Asks: 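Would you mind keeping the following structure in view while I ask a few things?
Predicted model, so just to flag it, every value in this text is computed and none were measured.
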Amino acid sequence: QVQLEESGGGSVQAGGSLKLTCKVSGDINRRRCMAWFRQVPGKEREGVAVIGSDGTTAYADSVKGRFVIPRDSPKGTVALQMNSLKPEDTAVYYCAADDNWVPKITRVPASSFFDYWGQGTQVTVFS
C-alpha cells in the first residue's frame, strides 16, 4: 500500500518561495510517475508539474519557469520548488503517484491517471 504525505505549505508574500515535499511510504524503490496538482474551491484540480519514471519533467504553462521538481530529492520523496510566487498560486497542493512506467513525459497527465493521492497542503500567497 502506497501512502503519500505532503509538507512544506504555508503563507508567503508574493515574489517569495516555498518548497513542498511529498514523502512516499510503502514500496519506495519503484520508479513511479509523480505529480503535483493544486485546487481552489469551486474549481477543478489542476496539474502543475510532473516527473516521469525516467526523471523527465513537465510543467503547466502557468508555472513554467517558476516551479521546479528537483531531480536530486532523496529516494522516496519528490519535491516542488516554487519561486516567484503569485497570489493566483494560492491553493491546496496535492501530491499524486502512479505505478505505471511513464518515460519521456511531455505534459502533466489528467488527475484520473493517478492511483495515489496525498491529503494536500495549503499554500497561501498574499500581496
Asks: Which value, rounded to the nearest 0.5 Å, describes the distance between Asp89 atom CG and Ser62 atom OG?
Replies: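 Going from the CG atom of Asp89 to the OG atom of Ser62 covers 7.5 Å.
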
Asks: Measuring from Ser73:OG to Met34:CE, what's the distance to the nearest 0.5 Å?
Replies: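 Between atom OG of Ser73 and atom CE of Met34 there are 10.0 Å.
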
Asks: With side chains defined as the heavy atoms from C-beta onward, is the minimum distance between Cys33 and Asn100 less than 4.5 Å?
Replies: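 When only atoms from C-beta onward are counted, Asn100 and Cys33 do not touch, as no gap falls below 4.5 Å.
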
Asks: Begin from the C-alpha positions of Leu20 and Val123 and carry the test side chain to side chain contact (heavy atoms under 4.5 Å, CB included) through to its verdict.
Replies: CA-CA 9 Å; Leu20 306 181; Val123 171; 4.0 Å; yes

Asks: What side-chain donor-acceptor pairs closer than 3.5 Å can you find for residues 111-118, not counting sequence neighbours?
Replies:
unit_1, atom_1, unit_2, atom_2, d
Tyr116, OH, Asp99, OD2, 2.9

Asks: With sequence neighbours left out, what residues match Gln122 under side-chain hydrogen bond (donor to acceptor under 3.5 Å, both in side chains)?
Replies: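 Partners of Gln122 by the side-chain hydrogen bond (donor to acceptor under 3.5 Å, both in side chains) criterion, ordered by chain and then number, come out as Thr124.
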
Asks: Who pairs with Thr56 by side-chain hydrogen bond (donor to acceptor under 3.5 Å, both in side chains), at least two apart in sequence or on another chain?
Replies: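 Once residues adjacent in sequence are excluded, the partners of Thr56 under the side-chain hydrogen bond (donor to acceptor under 3.5 Å, both in side chains) criterion are Asp54.
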
Asks: Roughly how far apart are Thr121 OG1 and Leu80 CG, rounded to 0.5 Å?
Replies: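 The distance works out to 11.0 Å.
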
Asks: Treat each ILVMFWY residue as a node, draw an edge where side-chain heavy atoms are under 4.5 Å apart, and state whether Val92 and Val50 are in one component.
Replies: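 Shared cluster, yes.
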
Asks: Checking side chain to side chain contact (heavy atoms under 4.5 Å, CB included) for the pair Lys23/Leu4: CA distance, chi angles, key distance, verdict?
Replies: CA-CA 6 Å; Lys23 182 179 179 181; Leu4 307 178; over 6 Å; no

Asks: Arg32 and side chain to side chain contact (heavy atoms under 4.5 Å, CB included): which partner among Val2, Asp98, Val102?
Replies: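 Testing each of Val2, Asp98, Val102 against Arg32, the sole residue satisfying side chain to side chain contact (heavy atoms under 4.5 Å, CB included) is Val2.
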
Asks: Taking Trp36 as the starting point, is it possible to reach Leu85 by hopping between hydrophobic residues whose side chains are less than 4.5 Å apart?
Replies: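 Cluster IDs for Leu85 and Trp36 match.
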
Asks: Going through the checks in order, is the side chain to side chain contact (heavy atoms under 4.5 Å, CB included) test met by Val24 and Thr77?
Replies: CA-CA 6 Å; Val24 181; Thr77 67; over 6 Å; no

Asks: Going from SG on Cys95 to CD on Glu5, what distance comes out if it is rounded to the nearest 0.5 angstrom?
Replies: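 The distance works out to 10.5 Å.
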
Asks: About how many Å separate CZ of Arg66 and CE of Met82, when rounded to the nearest 0.5 Å?
Replies: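 Rounded to the nearest 0.5 Å, the CE-CZ separation comes to 9.5 Å.
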
Asks: Is Phe67 linked to Ile105 within one hydrophobic cluster, defined over Ile, Leu, Val, Met, Phe, Trp and Tyr using a side-chain heavy-atom separation of less than 4.5 Å?
Replies: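 Each belongs to a different hydrophobic cluster.
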
Asks: Is Arg45 positioned over the aromatic face of Tyr94, cation under 6.0 angstrom from the ring centre and no more than 45 degrees off axis?
Replies: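 The answer is yes; both the distance and angle limits are met.
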
Asks: Drop me the distance from Lys43's NZ to Arg38's CZ, to the nearest 0.5 angstrom.
Replies: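 The NZ atom of Lys43 sits 9.5 Å away from the CZ atom of Arg38.
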
Asks: Counting C-beta onward and ignoring hydrogens, is there a side-chain heavy-atom pair between Val108 and Val48 closer than 4.5 Å?
Replies: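 Not in contact.
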
Asks: Could you see if Val63 belongs to whatever hydrophobic cluster contains Tyr93? Use Ile, Leu, Val, Met, Phe, Trp, Tyr and a side-chain cutoff under 4.5 Å.
Replies: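 Result: yes, single cluster for both.
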
